[in-house]
*Asks:* 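Sharing a structure, written as structure tokens. Questions coming.
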Amino acid sequence: MKSLNYILITAAFLIGGMLHSQEAVPETYINPLDIDYSYMVYNSSNNISYRSGADPAVIEYRGEYFMFVTRSFGYWHSKDLINWEFIKPEQWFFEGSNAPTAFNYKDSLVYFAGDPAGYGSILYTDDPKSGKWTPTASITSNIQDSELFIDDDGKTYLYWGSSNVHPLKVKMLNKDDRFLETGVQKELINLKEEEHGWERFGENNYHPTLKEGYMEGASMTKHDGKYYLQYAAPGTQFNVYADASYIGETPLGPFKYMKNNPMSFKPGGFTNGAGHGVTVKQTNGQYWHFATMALASNSHWERRLCMFPTYFDEEGLMYTDTSYGDYPLFSPDHPTKPGQHTGWMLLSYNGKTTVSSSKKQIRKSTSTDGEFDITKMPLRKTNEGEIISEVLTDESPKSFWVAEANDDKQWVEIEMLAPGDVYAFQVNFHDEESGIYTRTEGLKHRFTIEVSEDGENWKRVVDRSESFEDAPNAYITLNKPVQAKYMRYNNVEVPGKNFALSEIRVFGKGLGKKPAKVKGFTVSRHEDRRDASFQWEPVKGAQGYNIRWGIAPDKLYQSWLIYDKNEHLMRNLDRDTKYYFSIEAFNENGISERTEVQEVK
């Protein structure tokens with residue numbers, strides 16, 4: 001019997017190897033996006049050094065794409081929405097641009113605004129790749145957190161607002177006369193936290209003292225003759241940062257709250273937040289929503305960018321698909337599933353991790369606005385004397401490890417809980433007292449990655465030892481999958497004074513069984529109808545669970561991914577809305593069948 005089992009296992013490995021050699025690995029991307037984020041100038045007076053990318057304004061111009069990002073001292077260009085190249089303009093705002101806005105007017109000119117001071121000229125160019133811009137002769141005030149929108153008839157609108165008191169506003173400009181104001185100005189919408197739970201301030205929509213969320217990040221999308229005025233709430237530093245929309249028949253309104261809000265929402269998983277963004281139409285007709293994610297390790301203003309596929313249903317409701325949104329996703333050019341989950345699962349979660357040295361290991365979480373709960377991890381070693389790290393496979397970007405040196409003697413080794421077919425890696429670096437406070441060229445992350453089935457015999461699968469790439473959230477896919485139970489990161493050099501990591505993530509397909517269907521799933525809405533509690537029976541072998549909900553059984557547009565727990569409290573529901581819920585379990589081998597959809601009044 002043993003010999004038969006051995007023959008069967010050997011045959012399975014041989015067949016698997018044959019399949020690997022034939023498999024064409026599709027092009028993919030991951031959130032947060034893998035770009036060379038700029039170091040920030042603000043907070044430099046406090047010697048706080050960190051990278052950030054937030055408040056993206058993305059446009060399509062003559063078949064290519066341009067992305068403008070808060071205080072980045074320039075902008076990015078792409079032909080495919082995945083590979084982005086930084087453009088340093090000839091002249092730019094001293095502190096970069098703040099909550100920028102850009103608009104492509106009939107493929108003739110690109111208009112841009114985003115002076116950190118909140119006033120200035122609107123710039124324009126017919127060649128954004130050149131970095132040459134011309135300012136208009138007028139000075140426009142109140143362009144902080146603004147959105148420039150030019151309708152098909154040439155009428156021009158500037159939406160703006162960033163406040164926990166004042167509403168979003170709009171004023172009309174004359175595009176043909178130096179963008180001078182025409183005198184038409186109007187208040188539009190404000191938050192209604194007493195009705196919309198997701199607009200409440202704080203992590204998980206709770207704060208001990210502040211109740212009013214911030215409304216900001218106006219954005220306008222015209223689709224099928226309707227105007228979708230999008231806005232962000234309740235605060236960029238929180239996991240529940242989201243975008244929602246009001247729908248109007250004209251650019252000036254009146255606007256009606258969209259009943260499936262928030263339309264872009266990612267509160268759970270590795271990186272959270274999907275707010276203060278913009279919706280852009282790809283050349284093939286597919287819509288994408290670019291938004292802001294909270295990293296918030298060095299500072300609450302430490303952020304990253306994300307991109308999710310966006311749709312309009314038969315009712316004209318706008319929504320994004322953020323489910324498994326920080327796992328590998330099919331590229332925008334995929335013929336049938338752009339932006340959807342590839343099915344590659346997380347193989348490295350809670351993997352046993354050892355490191356070359358350890359200056360410090362920190363576990364952080366956001367407590368209240370501007371504050372962290374900080375735990376300094378004690379130094380622990382294996383019986384063999386190797387240093388243990390508990391923060392590099394915990395699915396938290398706020399926890400991090402700092403090595404004793406930034407050289408080629410530093411390494412990280414992860415023993416995954418089970419073997420699997422490895423397809424991709426994401427290496428998330430941490431900025432530990434880097435001493436860099438502005439956009440700096442010539443930075444590079446150099447390293448190699450090896451894998452092993454037994455921890456003894458290693459195969460190099462990634463070689464960036466001579467790379468010139470600056471990749472603080474490096475995402476690397478393999479040409480073909482390789483079976484492994486161990487991975488090893490070998491450092492060469494990284495930017496700044498210290499080598500530090502927040503997370504190494506290994507993606508692929510496990511060799512075991514996906515979890516069974518969840519049982520005992522119950523949903524209870526509280527007396528405060530904005531809140532709901534969830535419970536379910538633990539599923540053997542599950543890493544975590546994905547709760548899905550929406551306003552109809554076939555409109556479960558929102559989701560919340562949770563690791564380990566079998567209960568959850570949600571404070572983001574709209575008070576007067578009836579919802580439908582379902583849940584699924586997942587592990588390194590796949591995703592279970594969903595439970596039957598429950599109606600909860």
Side-chain angles (χ1 to χ4, degrees), residues 54-62 65-72 75 89 92-93 96-126 128 133-162 167-189 215-223 227-232 243 245-246 248 250-253 255 276-281 289-292:
D55 318 323
V58 183
I59 60 169
E60 180 270 321
Y61 181 67
R62 298 179 182 174
Y65 306 91
F66 296 86
M67 179 166 64
F68 304 86
V69 180
T70 284
R71 301 189 188 241
S72 292
Y75 47 94
W92 212 237
F93 306 111
S97 59
N98 198 68
T101 178
F103 195 86
N104 168 16
Y105 184 65
K106 298 184 178 181
D107 272 356
S108 61
L109 289 174
V110 173
Y111 294 101
F112 173 83
D115 190 326
Y119 63 89
S121 296
I122 291 177
L123 314 179
Y124 64 91
T125 183
D126 63 357
W133 294 78
T134 302
T136 58
S138 70
I139 299 295
T140 302
S141 60
N142 289 323
I143 59 172
Q144 193 79 275
D145 263 30
S146 62
E147 166 75 339
L148 180 67
F149 173 72
I150 307 174
D151 208 350
D152 299 331
D153 58 7
K155 291 182 179 179
T156 303
Y157 306 83
L158 192 73
Y159 302 86
W160 82 95
S162 179
L168 289 188
K169 300 177 183 179
V170 62
K171 58 185 175 184
M172 291 189 68
L173 309 176
N174 188 339
K175 176 181 66 65
D176 300 318
D177 189 7
R178 298 182 287 120
F179 287 93
L180 295 174
E181 297 183 26
T182 66
V184 177
Q185 189 171 137
K186 186 178 181 181
E187 292 187 350
L188 296 175
I189 57 176
M215 172 179 262
E216 55 192 5
S219 180
M220 174 60 76
T221 300
K222 185 179 182 180
H223 174 75
Y227 298 84
Y228 293 78
L229 178 59
Q230 297 142 71
Y231 67 98
D243 278 334
S245 181
Y246 279 71
T250 76
L252 295 174
F255 291 97
H276 198 142
V278 66
T279 305
V280 62
K281 190 176 183 180
H289 192 71
F290 286 78
T292 306

*Asks:* Show your reasoning for whether side chain to side chain contact (heavy atoms under 4.5 Å, CB included) applies to Thr292 and Asp55.
*Replies:* CA-CA 6 Å; Thr292 306; Asp55 318 323; 3.8 Å; yes

*Asks:* Sequence neighbours excluded, which residues qualify as side chain to side chain donor-acceptor pair (under 3.5 Å) partners of Glu181?
*Replies:*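 For Glu181 the side chain to side chain donor-acceptor pair (under 3.5 Å) partners, ignoring immediate neighbours, are Lys171.
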
*Asks:* Report the residues that fulfil side chain to side chain donor-acceptor pair (under 3.5 Å) with Thr101, sequence neighbours left out, ordered by chain and then residue number.
*Replies:* Glu147

*Asks:* Checking Tyr61 now: which residues fulfil ring pair (Phe, Tyr, Trp, His ring centres under 6.0 Å) with it, not counting sequence neighbours?
*Replies:*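 Tyr61: no ring pair (Phe, Tyr, Trp, His ring centres under 6.0 Å) contacts found.
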
*Asks:* Evaluate the side-chain proximity of Phe112 to Pro100: yes if any heavy-atom separation is below 4.5 Å, no if none is.
*Replies:* yes

*Asks:* Rounded to the nearest 0.5 Å, how far does CZ of Arg62 lie from OG of Ser108?
*Replies:*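 Here the rounded value is 7.5 Å.
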
*Asks:* By side chain to side chain donor-acceptor pair (under 3.5 Å), which residues pair with Tyr159, not counting sequence neighbours?
*Replies:*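 Scan of Tyr159 (side chain to side chain donor-acceptor pair (under 3.5 Å), adjacent residues dropped) gives none.
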
*Asks:* Could you point out which residue of Val184, Leu158, Thr156 forms a side chain to side chain contact (heavy atoms under 4.5 Å, CB included) with Met172?
*Replies:* Val184

*Asks:* With heavy-atom distances below 4.5 Å as the criterion, would you say the side chains of Lys169 and Leu188 are in contact?
*Replies:* no

*Asks:* Which distance, rounded to the nearest 0.5 Å, do you find between the OH of Tyr65 and the CD of Glu60?
*Replies:*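 Between atom OH of Tyr65 and atom CD of Glu60 there are 5.5 Å.
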
*Asks:* So do the side chains of Ile189 and Leu229 get within less than 4.5 Å of each other, counting heavy atoms only?
*Replies:* yes

*Asks:* Please check: side-chain N/O of Thr182 versus main-chain N/O of Leu173, any donor-acceptor pairing under 3.5 Å?
*Replies:* no

*Asks:* As an exercise, state the distance from CG of Asn98 to OG1 of Thr70, rounded to the nearest 0.5 Å.
*Replies:*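 Reported value, rounded in 0.5 Å steps: 5.0 Å.
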
*Asks:* Cut-off 3.5 Å, side chains only: do Gln144 and Ser162 have a donor facing an acceptor?
*Replies:* no

*Asks:* Under 3.5 Å, side chain of Ser138 to main-chain N/O of Arg178, donor-acceptor pair present?
*Replies:* yes

*Asks:* Could you tell me which residues satisfy salt bridge (Lys or Arg N to Asp or Glu O under 4.0 Å) with Lys222, sequence neighbours excluded, listed by chain and number?
*Replies:*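 If we apply the salt bridge (Lys or Arg N to Asp or Glu O under 4.0 Å) test to Lys222, skipping adjacent residues, the hits are Asp151, Asp152.
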
*Asks:* Taking ring pair (Phe, Tyr, Trp, His ring centres under 6.0 Å) as the definition, give me every residue that meets it alongside Tyr75, ordered by chain and number, with sequence neighbours left out.
*Replies:*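 Expected list: Phe68, Trp92, Trp133.
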
*Asks:* side-chain hydrogen bond (donor to acceptor under 3.5 Å, both in side chains): which pairs involve residues 111-125, sequence neighbours left out?
*Replies:*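 As it turns out, there is no side-chain hydrogen bond (donor to acceptor under 3.5 Å, both in side chains) pair with a partner in residues 111-125 once direct neighbours are skipped.
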
*Asks:* From Met67 CE over to Ile59 CD1, what is the distance, rounded to the nearest 0.5 angstrom?
*Replies:*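 Here the interatomic distance stands at 12.0 Å.
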
*Asks:* Do any N or O atoms from the side chain of Asp177 and from the backbone of Leu180 form a donor-acceptor pair under 3.5 angstrom?
*Replies:*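 No: the side chain of Asp177 does not pair with the backbone of Leu180.
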
*Asks:* With a 4.5 Å heavy-atom cut-off, do Leu252 and Tyr157 have their side chains touching?
*Replies:*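 Sidechains of Tyr157 and Leu252: in contact.
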
*Asks:* Between the main-chain N or O of Glu216 and the side-chain N or O of Asp145, is there a donor-acceptor pair closer than 3.5 Å?
*Replies:*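 Not a single qualifying donor-acceptor pair exists.
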
*Asks:* Can you list the residues that meet the side chain to side chain donor-acceptor pair (under 3.5 Å) rule with Thr140, with sequence neighbours excluded?
*Replies:*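 Partners of Thr140 under the side chain to side chain donor-acceptor pair (under 3.5 Å) test: none.
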
*Asks:* Among residues at least two apart in sequence or on other chains, which ones pass side chain to side chain contact (heavy atoms under 4.5 Å, CB included) with Ser72?
*Replies:*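 By the side chain to side chain contact (heavy atoms under 4.5 Å, CB included) rule, Ser72 matches Ser38, Val69, Trp76.
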
*Asks:* Under a 3.5 Å threshold, yes or no: a donor from one side chain and an acceptor from the other, between Asp243 and His289?
*Replies:*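 Yes.
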
*Asks:* Less than 4.5 Å apart, any side-chain heavy atom of Phe103 and any of Val110?
*Replies:* no

*Asks:* Test side chain to side chain contact (heavy atoms under 4.5 Å, CB included) on Tyr227 and Tyr246; report intermediate values, then the result.
*Replies:* CA-CA 8 Å; Tyr227 298 84; Tyr246 279 71; over 6 Å; no

*Asks:* Would the distance check show the side chain of Arg71 and the main-chain N or O of Ser97 forming a donor-acceptor pair, the cut-off being under 3.5 Å?
*Replies:*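 Looks like no, no N/O pair under 3.5 Å.
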
*Asks:* Rounded at 0.5 Å granularity, tell me how far CD1 in Ile143 sits from CG in Leu148.
*Replies:* 9.5 Å

*Asks:* Does the side chain of Pro251 come within less than 4.5 Å of Val170's, by heavy atoms?
*Replies:*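 Result no, sub-4.5 Å side-chain heavy-atom pair not found.
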
*Asks:* Just how far is it from atom CG of Leu109 to atom NZ of Lys175, taken to the nearest 0.5 Å?
*Replies:* 8.0 Å

*Asks:* Restricting to ring pair (Phe, Tyr, Trp, His ring centres under 6.0 Å), what partner residues turn up for Phe255, sequence neighbours left out?
*Replies:* none

*Asks:* Is any side-chain heavy atom of Val280 closer than 4.5 Å to one of Phe290?
*Replies:*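 Answer yes - side chains close enough.
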
